[in-house]
Participant: 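A single structure is presented below for examination.
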Amino acid sequence: MKNISIAAMPNDIPSARRLAMAMNIEFAPIELRDFPDGETLVRASDAARKTILYCSLNDPNEKLAPLVLAASALRDLGAEEIILVAPYLCYMRQDKAFHRGEAVSQRVIAKLLSPWIDQLVTVEPHLHRVKDLGSVFPDIKSISLSGALLLAELIDRDGAKENMLLVGPDQEAGAWTKAVAERAQLPYVILTKKRLGDRDVRIALPKEVAVRGKHVCLIDDVVSTGATLAFAAMLLREQGAAMIEALTVHALCSSEDLKHLKAAGITRLRSTDTVCHKTNAISIAPMLAGALVQELGR
Ligand code: R5P
């Protein structure tokens, strides 16, 4: 039996292949076949003692059941350790019941996944009040990697830093906009945001901040509907920003949302490939490989 290999869910095959190449190990796709009644047959072709199961959890409602079935199949094939690589980790925002009767989805997802896996590796999980992934997944080992370095690398690659101002569109983006700014050695500001609905936010700029004539780069961890970036861009444009672009770790937005971002004045949006998306501009594979090789050996 092999010591380490990768098993990839169907949507993750390109990213898993990049990780396999970066780690110089083998990878095999997990096969799914939908039955006419909506159930799914899940088949793993092989497992190693330590099997990395690659499944980014955007569109989670359709992915979670096949993921658990895949983990079970890998165990049955002899995997002693299953390391779930979920570069985008779903359902982390709802960390309490905001209204009576609401499910605390963060806790539920942790309880659903933990019995099937030994370790979780993710990138920039969307944690609000809970700061530490370990307290969300207390029963398994978990590693949370930062996307800040990759976004800073994208800025450096362009080499067009003159007159650039990094802007975090809300308080939650504060800490890691600062992290990108420090790595890219650029100034930054944080806006304040009030959310009124799924696609409706109000954003304000601190009084003392001048953006006139600036090349603004908006930084957010996740772009879901794009409303946050669009409202921020409209505000920055009104205030005289010369050019506005955006960088994100997790791009979840639709093609229609991308059109709205353009209309709002964002000339380009670039993302990491935690989620396979047309805005992908940099691969997380080398960063994942570094963390996994250190963790698992080779
Ligand atoms: C907020 O907590 C996040 O940092 C993002 O700003 C937010 O989730 C983006 O969502 P949307 O693109 O739907 O505005």
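Order of appearance sets the numbers: ligands from 1, and atoms from 1 within every ligand.
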Participant: Judged by atom type as modelled, is there a donor-acceptor pair below 3.5 Å linking the side chain of Ser142 to the main-chain atoms of Phe137?
Facilitator: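 Between the backbone of Phe137 and the side chain of Ser142 there is no qualifying donor-acceptor contact (under 3.5 Å).
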Participant: Hydrophobic side-chain clustering at under 4.5 Å (ILVMFWY, transitive links): who's grouped with Phe98? Put none if nobody.
Facilitator: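 Members alongside Phe98: none; it stands by itself.
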Participant: Among residues at least two apart in sequence or on other chains, which ones pass salt bridge (charged side-chain N to carboxylate O under 4.0 Å, His left out) with Lys178?
Facilitator: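 Here the qualifying residues are Glu182.
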Participant: Measure across Val249 and Trp176 and return the closest heavy-atom pair with its distance rounded to 0.1 Å.
Facilitator: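 Answer, listing the atom of Val249 first, then Trp176: CG2-CH2, 3.6 Å.
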Participant: Given a heavy-atom cut-off of 4.0 Å, could you list the residues near ligand 1 in chain and number order?
Facilitator: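 Only Arg93, His126, His128, Asp170, Glu172, Lys193, Arg195, Asp220, Asp221, Val222, Val223, Ser224, Thr225, Gly226, Ala227, Thr228 have heavy atoms that fall under 4.0 Å of ligand 1, ordered by chain and number.
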Participant: Each residue besides Val104 in its hydrophobic cluster should be listed here, by chain and number; the cluster joins Ile, Leu, Val, Met, Phe, Trp and Tyr at side-chain heavy-atom distances under 4.5 Å.
Facilitator: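 Under the 4.5 Å side-chain rule, Val104 groups with nothing.
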Participant: Do Leu261 and Arg268 have side-chain heavy atoms sitting under 4.5 Å apart?
Facilitator: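 No; the side chains remain at least 4.5 Å from each other.
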